[in-house]
Amino acid sequence: MEERTTTSLLITGSLLGANAYMLATGFLATVTPKPISYIWYIVSCGAYLAVFYLLVKPYRIEAERKHPRSKQAFRKLVTVHLVLWTLYPIVWILSPEGFNALGQGGEIMGYTLLDIASKVGFGFLSLNTLRNLEEAGESVIQSEPLYE
């Protein structure tokens, strides 16, 4: 039991740490001058790959172990999340901070649409998925105590 709790905490901590590092280095990519900004962009993308891996591999395995009947729902949510989050660095590299292919208006529109889709849209998708799981009788509350 203690090993499972430790594993869950390690995965969650690693995911939060990689996400925070990705956001911080993405910010540095935006505020530093070119060509140094491209180095921070690559570092931030590397951190995103760590987040991607953690969600696709150990986090998915742990979630499916705890809630095997929710496997399809979890995979759908992770897939939507990763597709949306993959578009953020694409917008950045095409924006004026990157190669200036979009221009400032295109950058603002891209980030606005992504923010709406990844926050509001994903929120609605998550709530709908939760409702469907509850209707199917799947327990969405962790059945194992965190600490003994």
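The residues of the chain are indexed from 1 along the displayed sequence.
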A side-chain contact here means heavy atoms from C-beta on lying under 4.5 Å apart; do [X] and [Y] qualify?
X      : Y      : result
Thr112 : Met109 : no
Glu135 : Asn132 : yes
Asp115 : Tyr88  : yes
Thr25  : Tyr41  : no
Phe27  : Ser44  : no
Ser126 : Leu77  : yes
Val78  : Arg60  : no

Geometric class of the Tyr48/Phe52 ring pair [parallel <30°, tilted 30-60°, perpendicular >60°]: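 Taking Tyr48 first and then Phe52, their aromatic rings stand perpendicular (interplane angle over 60°).
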Validation row, ring centre Phe74 to ring centre His67 under 6.0 Å: no
Rounded distance (nearest 0.5 Å) linking atom [atom1] of [X] with atom [atom2] of [Y]:
X      : Y     : atom1 : atom2 : result
Tyr111 : Trp92 : OH    : CH2   : 8.0 Å
Leu87  : Leu94 : CG    : CG    : 10.5 Å
Leu133 : Arg69 : CG    : CZ    : 9.0 Å

Donor-acceptor side-chain pairing of Thr12 and Tyr59 below 3.5 angstrom: no
Working for side-chain contact (heavy atoms from CB on, under 4.5 Å), residues Phe124 and Asn128: CA-CA 6 Å; Phe124 282 130; Asn128 185 52; over 6 Å; no
Considering all heavy atoms, the nearest Ser37-Ala29 contact: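 Heavy-atom minimum between the residues: CB-O, 3.0 Å.
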Closest approach of Ser118 to Leu84 (non-hydrogen atoms, all atoms of both residues):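 Answer, listing the atom of Ser118 first, then Leu84: CA-CD1, 3.6 Å.
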Test log, rule salt bridge (charged side-chain N to carboxylate O under 4.0 Å, His left out), inputs Arg131 and Glu134: CA-CA 5 Å; Arg131 188 188 78 228; Glu134 287 175 340; over 6 Å; no
Whether over 12 other heavy atoms sit under 6.0 Å from Lys119 NZ: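 Yes, because the 6.0 Å sphere around NZ of Lys119 holds more than 12 heavy atoms from other groups.
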Short N-O contact, Glu97 and Lys34, less than 4.0 angstrom: no
